[in-house]
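In what follows, a structure is listed as C-alpha cells, so that the remarks can point back to it.
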Amino acid sequence: CFCPSDYSTSPYAVEHIIPRAAGGTNHLDNLAFACPGCNGQKLTATEAVDPVSGELVPLYHPRQDEWNVHFTFSEDFGEVIGLTS
C-alpha cells in the first residue's frame with residue numbers, strides 16, 4: 001500500500017509472501033516488510049475470490065508484480081484502488 005512505517009498506527013511486520021504453511025521459506029526473496037493492515041488481510045492466503053468476476057485469482061506478489069499495474073491511489077491519496085482482479 002506504500003504506507004510509510006512512520007505513519008502507521010501499528011508496527012510493521014516481516015511477512016512471508018508464500019506462507020510457510022504453503023511451502024514458503026524464510027529466504028529473503030520470500031519476505032516482505034508489510035503494514036499491519038495488508039499483513040492482516042492476507043494472513044496465509046496466496047489467492048482469493050475476485051468479488052467482481054467470482055474467479056479465484058492470485059494475490060499481489062511484491063517480488064513478481066508491478067504495483068502500479070495493479071493499484072493506484074484515489075485523487076486525494078486516501079485510498080488504494082485496485083486496477084486488476
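Position 1 is the first residue of the sequence; numbering continues from there.
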Output yes when a side-chain donor or acceptor of His27 lies under 3.5 Å from a complementary backbone atom of Asp29, and no otherwise. yes

Min side-chain heavy-atom separation Ser85-Val52 under 4.5 Å: no

Phe77 and Ile81: same hydrophobic cluster, using ILVMFWY side-chain contacts below 4.5 Å? no

The test is side-chain contact (heavy atoms from CB on, under 4.5 Å); show your working for Phe71 and Asp65 and say whether it passes. CA-CA 11 Å; Phe71 306 101; Asp65 300 324; over 6 Å; no

To check you understand the geometry: which heavy-atom pair defines the closest contact between Ile18 and His61, and what is its length? CD1-CD2, 4.4 Å

Spell out, as yes or no, whether a donor-acceptor pair under 3.5 Å connects the side chain of Arg63 to the backbone of Leu31. yes

Please answer whether the main-chain N or O of His16 pairs with a side-chain N or O of Lys42 as donor and acceptor at a distance below 3.5 Å. yes

Which heavy-atom pair separates Pro36 from Ser10 by the least distance, and what is that distance? CG-CB, 3.3 Å

4.5 Å side-chain heavy-atom contact, Pro62 and Ile17: yes

Please report the C-alpha distance between Leu83 and His70 in whole Å, then the side-chain angles of each, then the deciding distance to 0.1 Å, and finally whether the side-chain contact (heavy atoms from CB on, under 4.5 Å) criterion is met. CA-CA 5 Å; Leu83 300 175; His70 298 280; 5.7 Å; no

Arg20, CZ atom: more than 12 neighbouring heavy atoms under 6.0 Å: no

Student check: side-chain heavy atoms of Trp67 and Val80 closer than 4.5 Å: yes

Criterion side-chain contact (heavy atoms from CB on, under 4.5 Å) on Val49 and Leu56, from CA distance to verdict: CA-CA 4 Å; Val49 175; Leu56 191 63; 4.2 Å; yes

Group every Ile, Leu, Val, Met, Phe, Trp and Tyr by side-chain heavy-atom contacts under 4.5 Å, then state whether Leu43 and Leu59 land in the same group. no

Decide if atom CD of Glu66 counts as having more than 12 heavy atoms of other residues, nucleotides or ligands within a radius under 6.0 Å. no

Is the side chain of Asn30 donor-acceptor paired with the backbone N or O of Gly24 at a distance under 3.5 Å, no angle test? no

